[in-house]
2 protein chains.
Amino acid sequence: MDTTQRTEQQRSADRRRRELLEAADRVVLRDGPGASMNAIAAEAGITKPILYRHFGDKGGLYAALAKRHTDALLASLRAALDAPADRRERVEATLDTYLAAIEARPQVYRFLMHPAEGGQNDQGFDVGVHSAPLLRRLGEELAQVIEERVDLGPDSERVARVWGHGIVGMMHAAGDWWLGERPCSRAELVRILADLLWGRLAAVADKLGGPGF
Amino acid sequence: MDTTQRTEQQRSADRRRRELLEAADRVVLRDGPGASMNAIAAEAGITKPILYRHFGDKGGLYAALAKRHTDALLASLRAALDAPADRRERVEATLDTYLAAIEARPQVYRFLMHPAEGGQNDQGFDVGVHSAPLLRRLGEELAQVIEERVDLGPDSERVARVWGHGIVGMMHAAGDWWLGERPCSRAELVRILADLLWGRLAAVADKLGGPGF
DNA sequence: CACTCCATGTTACCGCTAGTAACATATGCT
DNA sequence: AGCATATGTTACTAGCGGTAACATGGAGTG
């Protein structure tokens, strides 16, 4: 088997794959997470079976699409997390980076959060990476950073992972709600969330007359 | 117009509606969130159009179903939140109650978290309350409790709502991950999450030699 | 009793979706 | 040339949410 042939064709296939992904991206950006395979194929100027040959099934296409955006977002977040500043500033920068990303492209964001829900095909579905790959990846990533950088004593791995997923979930839920209602500026949201992580809930006083909290 | 007849019929309709909801519950418990209207109708011993007459569309049925479970869960959480103990103990009890609930019925829980994703019908879909009603309700509820009970100074409403949604998101994401991987006991998870809310992330020291966090 | 009203129930259909089989065509390697 | 490989098509299946049209059975009224 000659290598040249394989390489040539594979390059062509990869290029095509990238073009298809970009078309899919445009459609998702326009139509949201419910974008159909037909619509994506039409945007790419082709028909459905080609998409299926490249990506297997809808889940495959969505996974490939999600990976691109997730990688990009993760890169931004890592930059914020690695900035030369103290811990509080870095946490705030990371929160702000995430919120800015979902604010800039809400459609993509909605797609990333609910990628595997678009079908009636539940049995026979490979339940491996199904629910919210972006959140899981972010959680694991943050867990790793935490465990690398702070001293959590014994059980540090477990603690770091719980915190990683917990913080990511906090960021996500607050961001989702904020994106829908826009109750305050991004900077303010960041500050309030950082206050929460800094233990202000434990520190503030009970309201007078109430049952306490 | 006679009142007796109307009441009679309405009672009958309500009884029927409850039966249908219980059948739907069984199916969702068995088949997960992707349960089809056909399956639910079959379980109830009838056919689709009756479901549609009672609930309008799939979203209506799912909303009614979700409301039942959400109300039940909210009642448990409120009880934990109102227990006579100090703030930390109450927060831990609330976290534990939530985690115990999702641990006991993972199928129902998955359904509650992703109720409105089961169809191809995105245009024509009333995008009102679509994404994750349970999380939103929990967030708002917690926000209200927080604002009632602790003294947050000016902007207390905004702060309380951000915290409410943030904490609920933290609980949800950590619970989701924990339910999938079971990396530790429930009690341990609760303790680690409460530590996070109590500001331990801000308090712990950098690891020696690292870039700091 | 006949007559209307209303809810319950059915069958049969629509338009849409994800996914596939069968067939046609070009391009490049041997 | 011949062969493999990737690209492309049309035409189809099975299942979904949702609806129209029609049938039935009991409550209240002349």
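Numbered from 1 within each chain, the chains take letters A, B, ... in sequence-line order.
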Atom pair distance, as rounded to whole Å: CD1 in Ile40(A) and C1' in dG19(C): 14 Å

Nearest-angstrom distance from the residue atom CZ of Arg18(A) to P of dT7(D): 13 Å

Interatomic distance, Arg16(A) CZ vs dT27(C) C1' [rounded to whole Å]: 15 Å

Residue pairs fulfilling salt bridge (Lys or Arg N to Asp or Glu O under 4.0 Å) with at least one residue in residues 33-42 of chain B, sequence neighbours excluded: none

Ring-face cation contact, Trp178(A) with Arg186(A), 6.0 Å cut, 45° max: no

d(CG, Asn38(B); C1', dC13(C)) in whole Å: 13 Å

Nucleotide dA6(D), atom P - distance to CZ of Arg17(A) in whole Å: 14 Å

Electrostatic pair Glu181(B)-Arg161(A), nearest N-O below 4.0 angstrom: yes

Value in whole Å for how far the P atom of dC16(C) lies from NZ of Lys48(A): 13 Å

Sugar-phosphate, base or nothing in reach of Ser36(A), heavy atoms under 4.0 Å: sugar-phosphate

Ring pair (Phe, Tyr, Trp, His ring centres under 6.0 Å) evaluation trace for Phe55(A) with Tyr62(A): CA-CA 9 Å; Phe55(A) 303 102; Tyr62(A) 275 31; over 10 Å; no

Distance in angstrom units between Ile46(B) CD1 and dG25(D) P, rounded: 18 Å

Under 4.0 angstrom between Thr47(B) side-chain N/O and dG9(C) OP1 or OP2: no

Nucleotide dT27(C), atom P - distance to CZ of Arg15(A) in whole Å: 13 Å

Lys58(B) (side chain) and dG18(D) (base): donor-acceptor pair under 3.5 Å: no

Bend angle of the helix from dC1(C)-dG30(D) to dT30(C)-dA1(D), from helix axes over five pairs at each end, nearest 10°: 20°

Residues from residues 49-56 of chain B lying under 4.0 Å of DNA chain C - heavy atoms: Pro49(B), Ile50(B), Arg53(B), His54(B)

Mutual orientation of the aromatic rings belonging to Trp177(A) and His165(B) [parallel < 30°, tilted 30-60°, perpendicular > 60°]: parallel

For Ala44(B), all residues meeting side-chain contact (heavy atoms from CB on, under 4.5 Å), sequence neighbours excluded: Leu20(B), Ala23(B), Ile46(B)

Exercise: identify the closest heavy-atom pair between Gln107(A) and Pro33(A): OE1-CD, 4.3 Å

Pairs touching residues 69-81 of chain A that satisfy salt bridge (Lys or Arg N to Asp or Glu O under 4.0 Å), sequence neighbours left out: Lys67(A)-Asp71(A), Asp71(A)-Arg137(A), Arg78(A)-Glu141(A)

Residues which pass salt bridge (Lys or Arg N to Asp or Glu O under 4.0 Å) with Arg158(B), listed by chain and number, not counting sequence neighbours: Glu188(A), Asp155(B)

